[in-house]
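In what follows, chains are A, B, ... by sequence order, proteins preceding strands, each numbered from 1.
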Amino acid sequence: MNIFVAKLNYRTTSEELQRQFEAFGEVSSAKVIFDRETQRSKGFGFVEMPDDDAAREAIQALNESEFDGRTIVVKEARPKTETY
DNA sequence: ACTGAGCGG
């Protein structure tokens, strides 16, 4: 299951994101989106969890929870930008 | 003083 995580602290990294979700289950991939030019975080990221059950648990538990000093938003991600 | 809504490659 793909998970979208928003309102992250700009200091938060993919590692911290992954660690956070690993507390609820297996994480196949996690990453914070950084601006390619400024190398600064865009304030949101994505986490992919193979176990849908664990994913839902993680969403429930982490959505609107405090992470790195910010209240984050966690929800199921949309399909990746369909490139045309 | 950046930087707060939002879906990446």
Side-chain angles (χ1 to χ4, degrees):
Chain A
M1 176 178 270
N2 271 27
I3 303 170
F4 173 69
V5 187
K7 290 173 123 180
L8 291 167
N9 190 305
Y10 288 173
R11 304 160 189 247
T12 305
T13 71
S14 302
E15 300 179 333
E16 301 177 274
L17 192 63
Q18 173 154 2
R19 270 186 239 123
Q20 202 56 223
F21 280 81
E22 277 178 338
F24 299 90
E26 185 181 345
V27 174
S28 53
S29 96
K31 86 172 160 196
V32 170
I33 308 304
F34 287 90
D35 188 275
R36 199 174 64 84
E37 305 190 48
T38 68
Q39 301 297 331
R40 272 176 201 143
S41 169
K42 286 189 173 171
F44 66 91
F46 294 90
V47 177
E48 194 170 339
M49 297 183 73
D51 185 349
D52 289 13
D53 228 24
R56 277 183 275 266
E57 289 290 328
I59 293 175
Q60 292 289 335
L62 298 175
N63 184 38
E64 295 187 322
S65 70
E66 187 179 302
F67 182 63
D68 205 9
R70 305 291 300 187
T71 299
I72 63 175
V73 175
V74 183
K75 35 173 119 164
E76 183 176 350
R78 299 176 177 158
K80 284 189 274 191
T81 55
E82 306 195 8
T83 163
Y84 286 94

From [atom1] of [X] over to [atom2] of [N], roughly how many Å is that when rounded to an integer?
X	N	atom1	atom2	value
A/N63	B/dG6	CG	C1'	14 Å
A/K31	B/dC7	NZ	C1'	12 Å
A/I72	B/dC7	CD1	C1'	15 Å
A/R40	B/dG6	CZ	P	22 Å
A/D35	B/dT3	CG	C1'	13 Å
A/E37	B/dG9	CD	P	12 Å
A/F4	B/dG9	CZ	P	12 Å
A/K7	B/dT3	NZ	C1'	13 Å

Side chain of A/K80 (C-beta onward), nearest among B/dC7, B/dG4, B/dG9
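My answer, after comparing the listed nucleotides, is B/dG9.
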Nearest to the side chain of A/Y10, which nucleotide is it out of B/dC7, B/dG6, B/dT3?
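Of the candidates, B/dT3 comes closest.
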Do A/V73 and A/K7 come within less than 4.5 Å of each other through their side chains, counting heavy atoms only?
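Touching, per the 4.5 Å side-chain cut-off.
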Would you call A/E16 and A/F67 a side-chain contact if the rule is heavy atoms closer than 4.5 Å?
yes
Note: for A/S29 and A/N9 on DNA chain B, the residue whose nearest nucleotide lies more 5' is A/N9
Considering heavy-atom distances to DNA chain B, does A/E48 or A/R11 have its closest nucleotide positioned more toward the 5' end?
A/R11
Please give me the minimum heavy-atom distance between A/Q39 and A/F34, naming the atom from each residue.
O-CD2, 3.5 Å
Once hydrogens and angles are ignored, does a donor-acceptor distance under 3.5 Å link the base of B/dG6 to the side chain of A/K42?
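There is none.
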Take A/E26 and A/D51, measure what side-chain contact (heavy atoms from CB on, under 4.5 Å) needs, and give me the verdict at the end.
CA-CA 7 Å; A/E26 185 181 345; A/D51 185 349; 5.6 Å; no
Side chain to side chain contact (heavy atoms under 4.5 Å, CB included) with A/L17: which of A/I72, A/D68, A/L62, A/V5?
A/V5
Syn or anti for B/dG4, taking syn as within 90° of 0?
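Nucleotide B/dG4 adopts anti.
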